[in-house]
Amino acid sequence: MTHRSGFACFVGRPNAGKSTLTNALVGSKIAITSSKPQTTRHAVRGIVHRDDAQLVIVDTPGLHRPRTLLGQRLNDIVRETWSEVDVVGFCVPADEKVGPGDRFIAAELTKIARRTPVIGIVTKTDLAAPQQVAEQLLALQEVMSFAELIPVSAVDGFQVKQLEDLLVTRLPEGPQLYPDGDLTDEPEQTLVAELIREAALEGVRDELPHSIAVTVEEMLPHEGRDDMIDVHAFLYVERPSQKGIILGHRGERLRAVGSQARRHIEALLGTKVYLDLHVKVAKDWQRDPKQLRRLGF
């Protein structure tokens, strides 16, 4: 039996359903999802294990016209990723018209389509009528020529397996790249920081998503207990007024963020967690190269 292994990535405008699709294929929550666009900031790798293949999915930030240095760095990550994978999935939601953002990405993808197959994926079919899905598939064909076109829904599992097969057939023959059972190659600290950031994003007013960064300073065994880990983390915002929003009335909001993040971190690490979370102001960090480096960009 031949064994295939290689890399795929999903691209699309912010909020096109890329992370949810990655999680559905991997069968576990490795990419953070949020109703806020621009949630993903790192290229996270999720690993799908099959008897005949190992598919590594690189989840990228949404490509957009950048307004800040952070935005430019995010776009660079996307383009670097495209140039290194074996197959690209271009995600467009079923329930939104194909727009200038999609055409901007398609124009970029056309440059690599000669050497890398691009599969057109109509996502979120659970939110659209069959007629709308059919129209979206036709509209996508106008945008660029795809190796394949497929409608899927990560929420109800519609055609997720078929998409997996389509991606796998495009991979080169080769051995396993990661040990059995690994779901991601992200260091645990990165995942923990992302889970904290996801919890902080939920329910924050719209002006905040980009202004939040999280660093995990240390993760240590809890003194005197072998069933618990201490996680010390900082949540950075750009202005003092934002610090107030994150803290909430008498620190209530930060406590809620902490308990939500803690639940997800405990599930990820499989152990009890004591989460020590502090909010700091890093003035205009999105535009400052030194601070961007310190915060991991």
Side-chain angles (χ1 to χ4, degrees), residues 14-15 18-19 22-23 28-46 59-62 68-71 73-74 77 184-220 222 229-248 251-269 271-297:
N15 233 5
K18 302 179 292 293
S19 297
T22 298
N23 291 337
S28 168
K29 179 171 177 141
I30 58 133
I32 70 171
T33 54
S34 154
S35 47
K36 302 252 181 302
Q38 282 309 107
T39 308
T40 307
R41 279 192 186 154
H42 301 267
V44 176
R45 291 188 179 83
D59 184 36
T60 57
T68 60
L69 184 59
L70 173 65
R73 296 251 168 112
L74 294 181
I77 292 174
T184 176
D185 69 344
E186 285 293 299
E188 278 181 344
Q189 273 178 270
T190 309
L191 291 172
V192 167
E194 287 287 271
L195 289 172
I196 295 169
R197 197 164 65 87
E198 177 180 40
L201 283 174
E202 283 311 312
V204 184
R205 291 212 287 284
D206 293 339
E207 71 270 26
L208 239 62
H210 300 284
S211 305
I212 295 176
V214 175
T215 59
V216 171
E217 300 300 310
E218 50 184 9
M219 286 168 56
L220 309 160
H222 190 80
I229 288 177
D230 291 350
V231 175
H232 298 278
F234 287 117
L235 223 157
Y236 289 93
V237 291
E238 295 194 292
R239 296 191 293 283
S241 60
Q242 296 171 338
K243 184 173 175 175
I245 295 173
I246 291 283
L247 286 170
E252 274 166 26
R253 179 122 217 300
L254 186 65
R255 276 198 295 281
V257 168
S259 62
Q260 187 187 335
R262 195 182 65 245
R263 278 202 312 278
H264 287 307
I265 296 166
E266 288 180 339
L268 174 78
L269 302 178
T271 173
K272 286 198 160 50
V273 168
Y274 166 74
L275 178 58
D276 175 43
L277 198 51
H278 293 278
V279 184
K280 282 188 161 185
V281 177
K283 199 167 158 3
D284 290 336
W285 64 264
Q286 291 187 65
R287 291 179 166 73
D288 176 350
K290 255 213 321 273
Q291 298 204 72
L292 275 174
R293 265 200 308 281
R294 200 182 73 230
L295 296 174
F297 297 105

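Every heavy atom of this structure was used, including side-chain atoms; hydrogens, water molecules and symmetry mates were not.
- Remark: R262 CZ to D276 CG distance equals 12.5 Å, nearest 0.5 Å.
- Separation of atoms CD (E194) and CG (L201) is listed at 9.0 Å; rounding is to 0.5 Å.
- With sequence neighbours excluded, the residues satisfying side chain to side chain donor-acceptor pair (under 3.5 Å) with D230 are H222.
- Taking CZ from R253 and CG from L247, the interatomic distance works out to 10.0 Å, rounded to the nearest 0.5 Å.
- For the pair K280 and Y236, the cation-pi test (distance below 6.0 Å, angle within 45°) is failed.
- For the pair E252 (side chain) and G248 (backbone), a donor-acceptor distance under 3.5 Å is absent.
- Put simply, the side chain of I246 does not reach to within 4.5 Å of the side chain of V257, judged on heavy atoms.
- Once rounded to the nearest 0.5 Å, the distance linking CD of E217 with NE2 of H232 reads 10.0 Å.
- Nearest heavy-atom pair, A200 versus L235, reported as atom, atom and distance to 0.1 Å: CB-CD1, 4.1 Å.
- Contact record, Q242 with V237: OE1-CB, 3.5 Å, taken as the closest heavy-atom pair.
- The CD atom of E266 lies 7.0 Å from the NZ atom of K272; values are rounded to the nearest 0.5 Å.
- Within the model, atoms CZ of R263 and CG of L195 stand 11.5 Å from one another, a figure rounded to the nearest 0.5 Å.
- At least one side-chain heavy atom of L254 sits less than 4.5 Å from a side-chain heavy atom of V279.
- Taking A261 as the reference, I196, A199, I265, L275 meet the side chain to side chain contact (heavy atoms under 4.5 Å, CB included) condition, with sequence neighbours excluded.
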